Enquirer: 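The structure that follows is given in the form of structure tokens.
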Amino acid sequence: MKALEGVKILDFTHVQSGPTCTQLLAWFGADVIKVERPGVGDATRGQLRDIPDVDSLYFTMLNHNKRSITLNTKDETGKEVLERLVKECDILVENFAPGALDRMGFGWDRIQELNPRMIMASVKGFGPGPYEDCKVYENVAQCTGGSASTTGFLDGPPTVTGAQIGDSGTGVHLALGIVTALYQREQTGRGQKVLAAMQDGVLNLCRVKLRDQQRLEHGPLNEYSQAGQGIPFGEATPRAGNDSGGGQPGWIVKCKGWETDPNAYVYFITQAAVWGSVCDVIGKPEWKEDPDYAKPPARLDKIAHIFDTIEAWTKTKTKFEVMDICNPLDIPCGPILSMKELAEEPSLRETGTIVEVDHPERGKYLTVGCPVKLSDSEVEVTRSPLLGEHTVEVLSDVLGYTGESLERIIASGAVGEIKAEAAE
Ligand code: COA
């Protein structure tokens, strides 16, 4: 049995944020029924395609373990089917632009009228306030949630990150809100609204930067390398390059092969507890006793020189050799792994974090499996559905339309074109 077995989700999500959330819930065992516009579907099916006329990796990698039904929810018969779905499901998840669900006639009041136990979960760009009506994409959230202003180098522009903290990050927040509401429903019998705003999700992930904003009122942020370099702080938390966010100085340094390999680097942390080992490894044992280097406060104005010295050593080793030497000494460090290296890493295949999936139209492809492992709820990643692949199955098995009633729904055109073999 799976953790969320028996939970039915009416999945109105599209693009990345919402689908990330419902994919996680599907992996935990929920029956996720993705509702898509007939003939069109989730816009990402056709975006960034690598193979003509085949669902893109953008879509397939965010929609595993789901069923797909096509339904025109603006059509009268479509609305009838949607009402049945609302009554039948436990959770509705959506990330439409603000107001779209109300315009469809399925706002919170109507949903509660149809099914008081329904949990209605939404991703929006912003919470209530001046920007609540805006459409929002990943980088807008990174910029408005505090990530871009604190990412990049001090002398460069604000920078967005490769990690999709606005979309996927908010989807993960929403999933937590949903299971929490589900738990509360066990006690109250009532559903509730769950909102995860992308700005809020990004800000939550940038929590330490708001910490630093307040610390600034009491003096310079000494662990930022700009402090050691004597560069004055302004009014807001600055961009800190590759400084570590914690109290232990860290930086990215070059390794053997950096001249040709853009990822021949390692993140190296000069943790105070292992300073002696760091000095021995980089060939500076005299720094252990030298009052200019022995204690962390004395080192602060020499951080740049210390990392230059560390780099002179790491440049003689590959990033994996650095890891092999430093790990047994408890010196925290991490090789910069490329996507190619991650895709080929055997241990990630073994744990199911990287999974190979077979798709009837595209063949085999790699995806990121479930990043959270439950010992009593195993995850088997299955391919994403083709557009409308489960329309007839959901209409009959979940909603009980059979015979003439099923024919009426199909004939109305509300569920789009049904492939002959599926209708039989
Ligand atoms: N049948 C009929 N109509 C449908 C439908 C269906 N099955 N599914 C969707 N639609 C309609 C919606 O009702 C809406 O119509 P309306 O504008 O007339 O009310 C329309 O399709 C488009 O929905 P919308 O959400 O506005 O799509 P968009 O492509 O214009 O905007 C986003 C995309 C992502 C910008 C927007 O959805 C958004 O801001 N979402 C919230 C934040 C978010 O999640 N952003 C990150 C995405 S990764």
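Every value quoted in this text rests on a predicted model; they were computed, and no experiment measured them. Counting convention: from 1, in listed order, for ligands and their atoms alike.
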Enquirer: Among protein heavy atoms, which lies nearest atom 27 (O) of ligand 1, and at what distance?
Expert: H14 CE1, 3.6 Å

Enquirer: Going by an N to O cut-off under 4.0 Å, is there a salt bridge joining R67 and D31?
Expert: yes

Enquirer: In Å, rounded to the nearest 0.5 Å, how long is the span from CZ of R185 to CD1 of I119?
Expert: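 Answer rounded to 0.5 Å: 5.0 Å.
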
Enquirer: What are the atoms of ligand 1, with element, lying closer than 4.0 Å to any heavy atom of D167?
Expert: 46 (C), 47 (C), 48 (S)

Enquirer: How long is the span from the NZ atom in K66 to the CD atom in E389, to the nearest 0.5 Å?
Expert: 14.0 Å

Enquirer: Among all protein non-hydrogen atoms, which one is nearest to atom 17 (O) of ligand 1, and what is the separation to 0.1 Å?
Expert: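 Going atom by atom, the protein heavy atom closest to atom 17 (O) of ligand 1 ends up being R103 NH2, 3.5 Å.
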
Enquirer: So which heavy atom in the protein is nearest atom 13 (O) of ligand 1, and how far is it from that ligand atom?
Expert: M104 CE, 3.3 Å

Enquirer: Does the plane of the ring in H64 sit parallel, tilted or perpendicular to the ring in W27? Use 30° and 60° as the thresholds.
Expert: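 Correct class here is parallel.
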
Enquirer: Contact between ligand 1 and G18 is defined here as a heavy atom of the residue under 4.0 Å from a ligand atom; is it met?
Expert: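 Outside the 4.0 Å threshold, so no.
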
Enquirer: At what distance is the nearest protein heavy atom to atom 28 (P) of ligand 1, and which residue and atom is it?
Expert: K135 NZ, 3.6 Å

Enquirer: Would you please classify the geometry between the F307 ring and the W251 ring as parallel, tilted or perpendicular, with 30° and 60° separating the classes?
Expert: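 Aromatic pair W251/F307 classed tilted.
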
Enquirer: Is it true that the NZ or CZ of R84 lies under 6.0 Å from the centre of Y401's six-membered ring and within 45 degrees of the ring axis?
Expert: yes

Enquirer: Using heavy atoms and a threshold below 4.0 Å, how should the contact between E138 and ligand 1 be classified: side chain, backbone, both, or neither?
Expert: neither

Enquirer: Just wondering, do F106 and E83 contact through their side chains at under 4.5 Å, heavy atoms?
Expert: yes

Enquirer: Which atoms of ligand 1 sit under 4.0 Å from any heavy atom of N72?
Expert: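 Answer for ligand 1: 1 (N), 2 (C).
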
Enquirer: Is T73 touching ligand 1 with its side chain, its backbone, both, or neither, if touching means heavy atoms under 4.0 Å apart?
Expert: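 Within the 4.0 Å criterion, T73 contacts ligand 1 through backbone and side-chain atoms alike.
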
Enquirer: Give the atom numbers and elements of ligand 1 that come within less than 4.0 Å of a heavy atom of V15.
Expert: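 The atoms of ligand 1 under 4.0 Å from a heavy atom of V15 are 47 (C), 48 (S).
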
Enquirer: Looking at K124 and E94, does any basic side-chain N land under 4.0 Å from a carboxylate oxygen?
Expert: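 A salt bridge links K124 with E94.
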
Enquirer: With atoms numbered from 1 as shown, which atoms in ligand 1 lie under 4.0 angstrom from a non-hydrogen atom of V123?
Expert: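 It comes down to these atoms of ligand 1: 41 (C), 44 (O).
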
Enquirer: Which residue and non-hydrogen atom of the protein lie closest to atom 34 (C) of ligand 1, and at what distance in Å?
Expert: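 Looking only at protein heavy atoms, the one closest to atom 34 (C) of ligand 1 is Y137 CE2, 3.9 Å.
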
Enquirer: State, with a plain yes or no, whether a side-chain heavy atom of V160 is found less than 4.5 Å away from one of T151.
Expert: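 Not in contact.
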
Enquirer: In terms of side-chain geometry, is the basic nitrogen of E259 or K254 positioned less than 4.0 Å from the acidic oxygen of its partner?
Expert: no

Enquirer: Identify the protein heavy atom lying closest to atom 15 (O) of ligand 1, giving its residue, its atom name and the separation to 0.1 Å.
Expert: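 Residue, atom and distance for the closest contact: K74 NZ, 2.9 Å.
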
Enquirer: Should one rank L174, V35, N95 by closest heavy-atom distance to atom 40 (N) of ligand 1, which comes out on top?
Expert: N95

Enquirer: Among M198, Q16, R37, E94, whose heavy atom sits nearest atom 20 (C) of ligand 1?
Expert: R37

Enquirer: Which heavy atom of the protein is the closest neighbour of atom 7 (N) of ligand 1, given with residue, atom name and distance?
Expert: L71 O, 2.8 Å

Enquirer: What is the closest protein heavy atom to atom 36 (C) of ligand 1, and at what distance does it sit?
Expert: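 Protein heavy atom with the smallest distance to atom 36 (C) of ligand 1: A97 N, 3.6 Å.
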
Enquirer: Just wondering, do M118 and C89 contact through their side chains at under 4.5 Å, heavy atoms?
Expert: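 Yes, side chains in contact.
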
